[in-house]
Q: 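Mind looking over this structure? Questions follow.
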Amino acid sequence: MNAARHKPVMLREAIAALAPADGGRYLDGTFGAGGHTRALLEAADCRALGLDRDKSAITGGAELVQWAKGRLVLAENRFSSLDEAANDLGFAPLDGVLLDLGVSSMQLDEAERGFSFRHDGPLDMRMGASTLSAADIVNEWSEAELSRAISTLGEEKKARFVARAIVNARKEKPFSRTSELAETVRGAIHGKKTDIDPATRTFQALRMLVNEELQEVAEGLLAAERALKPGGRLAVISFHSLEDRLVKMFFASRGPAPAPSRHLPVTQSLPATFQTLAKKPLTASDEEVRDNPRARSAKLRVGERTHEKARSDDPFAGLLSRYSSLERSGKR
Ligand SMILES: C[S@@+](CC[C@H](N)C(=O)[O-])C[C@H]1O[C@@H](n2cnc3c(N)ncnc32)[C@H](O)[C@@H]1O
């Protein structure tokens, strides 16, 4: 894997947010091509643990490990268990955690991985060891389940038509290639021609389902709360509104309680485990967006860990039960 192929998004802003210090221990939960990790190691005489659920990202990082001369450890793992990984590999407690969500350019560009509607390949989309492939979902899920998932995770307004077209097409022949699915979706969506391929949103929804991405984000944030030391920073770059909503909700629920209202009964508030550095997320500069269109939808949110113990209440219960029933339903 060639490190030059994935341009790290909001690099300057993410490193500034983590404020790496000499002697610090940092965890990059989405190592990818290692762009953010390298910048962290360049910014201070610190150590880093890079995780990625994709084995090829970890093997591709061998050169960076050599370059870092003992300051970088890489492990194939999901960031939902980042606290266990940090403990097991001698990095806990952490001074900083970075999550740069989504897929890498290498994953998208390699046709055999099946993420792309541009290059024909097997309809797979697994970043790492997942049970279901995208083909399993489109060939087995009911029309209603597909429609709901494509509408919610893909934010596709014409999800009903797409789901119906998928179910009709698979009666003739089950889907096995990305090009077959892309053609079916394009055929189901008529409308004004835009720069965005009509298959984009359906492919995104399937990728999020296959890899249980919302569940991973929720669990990853809770794991970071357990692993960070007081004063440690958590920086999350998201590219999808549902992911950003989870991050926003997390920091809101873990932050200081709002001032009590005179009109409401006084309730006991739980201790704040994070302080956010800004209410609004940071976004990429115009210059970066011109240079890297992927940065257009990026949102960076940052929180600093307080001295309070990690909490056990789950701020995602209501929201995730809605989405995880999508991610976990069907024929799984
Ligand atoms: C956007 S890329 C990260 C790029 C990286 N920051 C860089 O500078 O090269 C996202 C990476 O996170 C990995 N990933 C996505 N979800 C993950 C998860 N739940 N656990 C671990 N890695 C994950 C993907 O395999 C991919 O390599």
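Ligands are counted one by one from 1 in listed order, and the atoms in each one are counted from 1 as well. Model, not experiment: these values are computed from the prediction.
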Q: Does the side chain of R201 come within less than 4.5 Å of Q204's, by heavy atoms?
A: no
Q: Using a 4.0 Å cut-off to any heavy atom of G32, which atoms of ligand 1 qualify?
A: 9 (O), 27 (O)
Q: Which bit of V103 is near ligand 1, meaning a heavy atom under 4.0 Å away: side chain, backbone, both or neither?
A: backbone
Q: Below 3.5 Å, N or O to N or O, backbone or side chain included: is there any such pair between D100 and ligand 1?
A: yes
Q: Using the benzene-type ring in the case of Trp, are the ring centres of F274 and F250 under 6.0 Å apart?
A: yes
Q: For the residue pair V103 and H6, what are the closest heavy atoms and their distance?
A: O-CE1, 4.1 Å
Q: Indicate yes or no: does an N/O atom of L51 lie under 3.5 Å from an N/O atom of ligand 1?
A: no
Q: I need the atoms of ligand 1 closer than 4.0 Å to a non-hydrogen atom of N77, numbered in the order shown.
A: 20 (N), 21 (C)
Q: What part of Q107 sits under 4.0 Å from ligand 1 if we count only heavy atoms: the side chain, the backbone, both or neither?
A: side chain
Q: List ligand 1 atoms under 4.0 Å from L101, heavy atoms only on the residue side.
A: 1 (C)
Q: For atom 19 (N) of ligand 1, what is the nearest protein heavy atom, given as residue, atom name and distance?
A: E216 OE1, 2.7 Å
Q: So is there a nitrogen or oxygen of R53 less than 3.5 Å from a nitrogen or oxygen in ligand 1?
A: yes
Q: Show me which atoms of ligand 1 lie under 4.0 Å from any heavy atom of G29.
A: 21 (C), 22 (N)
Q: Can you name the closest pair of heavy atoms from G32 and M106 and give their distance?
A: C-CE, 4.0 Å
Q: Any link between I237 and L108 through a network of hydrophobic side chains (Ile, Leu, Val, Met, Phe, Trp, Tyr) touching at under 4.5 Å?
A: no
Q: Considering non-hydrogen atoms only, spot the tightest contact between I166 and V138 and give its length.
A: CG2-O, 3.7 Å
Q: Quick check on F31 - does any of its heavy atoms sit under 4.0 Å from an atom of ligand 1?
A: yes
Q: Within the 4.0 Å heavy-atom shell around G34, which atoms of ligand 1 are there?
A: 7 (C), 9 (O)
Q: Where is the tightest heavy-atom contact between T37 and F31, given as atom of each residue plus distance?
A: OG1-CD1, 3.4 Å
Q: Is it possible for you to say whether V167 and L209 belong to one hydrophobic cluster, with membership spreading through side-chain heavy-atom contacts below 4.5 Å?
A: yes
Q: I'd like to check which ligand 1 atoms, numbered from 1 as shown, lie under 4.0 Å from a non-hydrogen atom of R294.
A: 1 (C)
Q: For N77 and S81, work out which heavy atoms get closest and say how close.
A: OD1-OG, 3.2 Å
Q: With a 4.5 Å cut-off on side-chain heavy-atom distances among I, L, V, M, F, W and Y, is there a chain of contacts connecting L98 to L228?
A: no
Q: Select one of side chain, backbone, both or neither to describe which atoms of H36 lie under 4.0 Å from any atom of ligand 1, heavy atoms only.
A: both
Q: Looking only at protein heavy atoms, which one is nearest to atom 20 (N) of ligand 1, and what is the separation?
A: F79 N, 2.9 Å
Q: Nearest heavy atom to atom 9 (O) of ligand 1 wins, so pick from A33, A75, A298.
A: A33
Q: Any luck finding a side-chain donor-acceptor pair between E225 and T273 under 3.5 Å?
A: yes
Q: With a cut-off of 4.0 Å, which atoms of ligand 1 are near a heavy atom of G35?
A: 7 (C), 8 (O), 9 (O)
Q: Counting non-hydrogen protein atoms only, what is the nearest one to atom 15 (C) of ligand 1? Give residue, atom name and distance.
A: M127 SD, 3.3 Å
Q: Output all residues satisfying side chain to side chain donor-acceptor pair (under 3.5 Å) with K171, sequence neighbours left out; order by chain, then residue number.
A: N168
Q: Where is the nearest protein heavy atom to atom 10 (C) of ligand 1: which residue, which atom, and how far?
A: G102 O, 3.2 Å
Q: Which atoms of ligand 1 are found less than 4.0 Å from any heavy atom of D54?
A: 25 (O)
Q: Tell me which one of D52, T30, L98 gets a heavy atom nearest to atom 26 (C) of ligand 1.
A: D52
Q: With no hydrogens and no angle check, is any side-chain donor or acceptor of R71 less than 3.5 Å from a backbone partner on A48?
A: no
